[in-house]
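Inspection log for the structure reproduced underneath, given as structure tokens.
Along the sequence shown, residues are numbered consecutively beginning with 1. Side-chain atoms are counted along with the backbone in the values below, which use heavy atoms only and exclude waters and symmetry mates.
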Amino acid sequence: MAGAAMPTSTVKANTDTKKSYLFPFILVTSLFFLWALIHNMSPILIPHLKKACQLSDMQSAFIDSAVFAAYFLMALPAGAVMKKFGYKAGIILGLSLYALGAFLFIPAASTREYSFFLGALFIIATGLTFLETAANPYVSVLGSPETATTRLNLAQSFNGVGAMIAPILGAKFILSGTELSKAQLTAMSPDALQHYLVGEASTVKMPYLIIGIIVLLIAVLFVITKMPEVTEQEDTSIDATAGEKGSIFRHRHLIAAVVAMFFYIGGQVGVNAFFIRFAKYTAGIGEKEAAVLLGSVAGLGFMVGRFFGTFLMRTIKPQILLTLYGAINVGLILIAMTTKGQVAVWTVLAVPFFMSIMFPTIFSLGIKGLGGDTKFGSSLIIMSIVGGAVFPPLMGLISDNSNIQMAYILPLICFAVVVWFGTKGYKLDKAH
């Protein structure tokens, strides 16, 4: 989730000694970049493994499913590990799993077994779940409480950097640029076809080997670096027991936020996941050029959009801006679905700019007024990111039975749900 802010815990640091937190802060900030790198490498892997493993569009989309399913399944176990062993131990375990999954890309590429790749991605995403659970609490204590928000915004900016760089690196080091038609593949001799497929699969080996080594080195740095202790404070406020007065499902605006987040994440992931295929189908743009556009235009737009949207919210209510941005994206995707050439491509590239404020805005509107139910409500919204595992395969199914341009009907529907939340969903239980 590029730019996604996980809910923070109430924390306190051991400040017995006055020391510089600069290096620990740099280490923790690197985590924001590392998980953005993997999330934004998926749009590269989808067309790449589609070629190398000879997959349908639906099958290739299970790359995103493996990643987001891990978040859904491992979020609670990650939290339990952090609670028992501490955030530092959780980060080290998360980085170790990340590195292990990256290294498994090497045997996966050698065998060209798609299930092997999916297993490696699931392990990486399990590691990311630990990292995202721990990063925000750590950032909040690495300095004075007065500057905690500033530090968090700075750290999250590296998430945007990862979103921008990952597709560009993937274009250079993973995508070969060789795109053969079915007729060309059929015309190959068995030996020539095998040589081509093995060569395609092998391009992931070196990049993921390097990623794994870097992640492992960062894990070692965490081991040898003294980090501040981060402990949960018990919530002793009057609202702390508010959740005992009834089911959390009485908060209708929270349930609306869970639904909206499920659809939003599905739309966000789907738009990016198939962009390279979309650009080829609508404008004949090669995979390398399309990947660079995805990073340098869409990734940059997402990062700039977050800052610009935050500025606009000084004068525009969040729900109004959310509705406006959602409606714009519905219009952009409608244009993308009904045109060809550069117009179709650039309308899709514009979508991430308007997606940029959606996650934090839906999240904040969803937990507003929950009192003692805030923590549980936050967890429900975060778990709804499983939408990222559901929608890409459905888009692939539509593409396999029609074309990739028509598959973008699903992101269109997703952003229509965001519009609904911005106009009505967020205020469903105002009378309660």
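- Heavy atoms only, all atoms of each residue included: P167 and G162 are closest at CD-O, 4.5 Å.
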Kindly determine whether F263 and F391 satisfy ring pair (Phe, Tyr, Trp, His ring centres under 6.0 Å), including the steps that lead there. CA-CA 8 Å; F263 277 88; F391 283 92; 5.4 Å; yes
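- Between the side chain of S402 and the main chain of I398, no donor-acceptor pair closer than 3.5 Å is present.
- For the pair K288 (side chain) and L175 (backbone), a donor-acceptor distance under 3.5 Å is present.
- Across every non-hydrogen atom of L193 and M188, the tightest pair is CA-SD, 3.7 Å.
- Atom NZ of residue K226 and atom NZ of residue K88 lie 9.5 Å apart, to the nearest 0.5 angstrom.
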I'd like to know whether I276 forms a side-chain contact (heavy atoms from CB on, under 4.5 Å) with I44, so could you lay out the CA-CA distance, the side-chain angles of the two residues, the decisive distance to 0.1 Å, and finally the verdict. CA-CA 8 Å; I276 293 175; I44 302 300; 3.8 Å; yes
Verdict with reasoning, N329 to Y325, per side-chain contact (heavy atoms from CB on, under 4.5 Å): CA-CA 6 Å; N329 273 351; Y325 275 21; 5.8 Å; no
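- Using a 4.5 Å heavy-atom threshold, the side chains of M358 and Q268 count as separate.
- At most 12 non-hydrogen atoms from other residues, nucleotides or ligands lie less than 6.0 angstrom from CE of M206.
- Annotation: side chain of R250 is not in contact with side chain of R252 (no heavy-atom distance under 4.5 Å).
- Using a distance-only test at 3.5 Å, with no hydrogens or angles considered, a donor-acceptor pair links the side chain of Y114 to the main chain of Q59.
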Just do the side-chain contact (heavy atoms from CB on, under 4.5 Å) check on V390 and F68 with the steps written out, would you? CA-CA 9 Å; V390 174; F68 284 93; over 6 Å; no
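- Between T423 atom OG1 and L322 atom CG the span is 9.0 Å, to the nearest 0.5 Å.
- Within the model, atoms CG of L22 and OG1 of T29 stand 9.5 Å from one another, a figure rounded to the nearest 0.5 Å.
- No donor-acceptor pair under 3.5 Å is formed between the side chain of E200 and the backbone N or O of S176.
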Apply the test side-chain contact (heavy atoms from CB on, under 4.5 Å) to residues I106 and V204: give CA-CA distance (whole Å), side-chain angles for both, the deciding distance (0.1 Å), then the verdict. CA-CA 7 Å; I106 298 172; V204 302; over 6 Å; no
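- H253 has its side chain within reach of L370: a pair of non-hydrogen atoms, C-beta onward, lies under 4.5 Å apart.
- Distance alone, capped at 3.5 Å, is enough to place a donor-acceptor pair between the K50 side chain and the L55 backbone.
- Judged purely by atom type and a 3.5 angstrom limit, N40 has no side-chain atom pairing as donor or acceptor with the backbone of A166.
- In terms of modelled atom types and a separation under 3.5 Å, the side chain of S202 and the main chain of G199 share no donor-acceptor contact.
- In this structure the side chain of I333 never reaches within 4.5 angstrom of the side chain of V348, judged on heavy atoms.
- The backbone N or O of S399 sits nowhere less than 3.5 Å from a side-chain atom of N403 that would complete a donor-acceptor pair.
- Nearest heavy-atom pair, F130 versus G90, reported as atom, atom and distance to 0.1 Å: CB-O, 3.5 Å.
- Two residues are said to be in side-chain contact when any heavy atoms from C-beta on lie closer than 4.5 Å; T225 and P24 meet this criterion.
- Proximity of a side-chain donor or acceptor of E113 to a complementary backbone N or O of A108 within less than 3.5 Å is not detected.
- Counting only N and O atoms by type, the side chains of T178 and K51 include no donor and acceptor under 3.5 Å apart.
- When all heavy atoms of F25 and V139 are compared, the closest pair comes out as CE1-CG1, 4.2 Å.
- Proximity of the aromatic rings of Y408 and F278 is defined here by a centroid distance below 6.0 angstrom, and this criterion is met.
- Taking every heavy atom of both residues into account, A52 and R112 meet most closely at O-NH1, 2.8 Å.
- Few gaps surround NZ on K340; more than 12 heavy atoms of other groups in view lie less than 6.0 Å from it.
- Looking at heavy atoms from C-beta onward, I265 lies in side-chain contact with F359 at the 4.5 angstrom threshold.
- No side-chain heavy atom of M303 sits less than 4.5 Å from a side-chain heavy atom of P352.
- Considering every non-hydrogen atom in both S42 and I63, the closest pair reads OG-CG2, 4.0 Å.
- Note: W346 CH2 to T339 OG1 = 14.0 Å, rounded to the nearest 0.5 Å.
- With hydrogens and angles disregarded, no donor-acceptor distance shorter than 3.5 Å links the side chain of Q194 to the backbone of D191.
- You'll find the side chain of I211 reaches within 4.5 Å of the side chain of Y98, heavy atoms only.
- Checked against the 6.0 Å centroid criterion, the rings of F117 and H48 do not qualify as a close aromatic pair.
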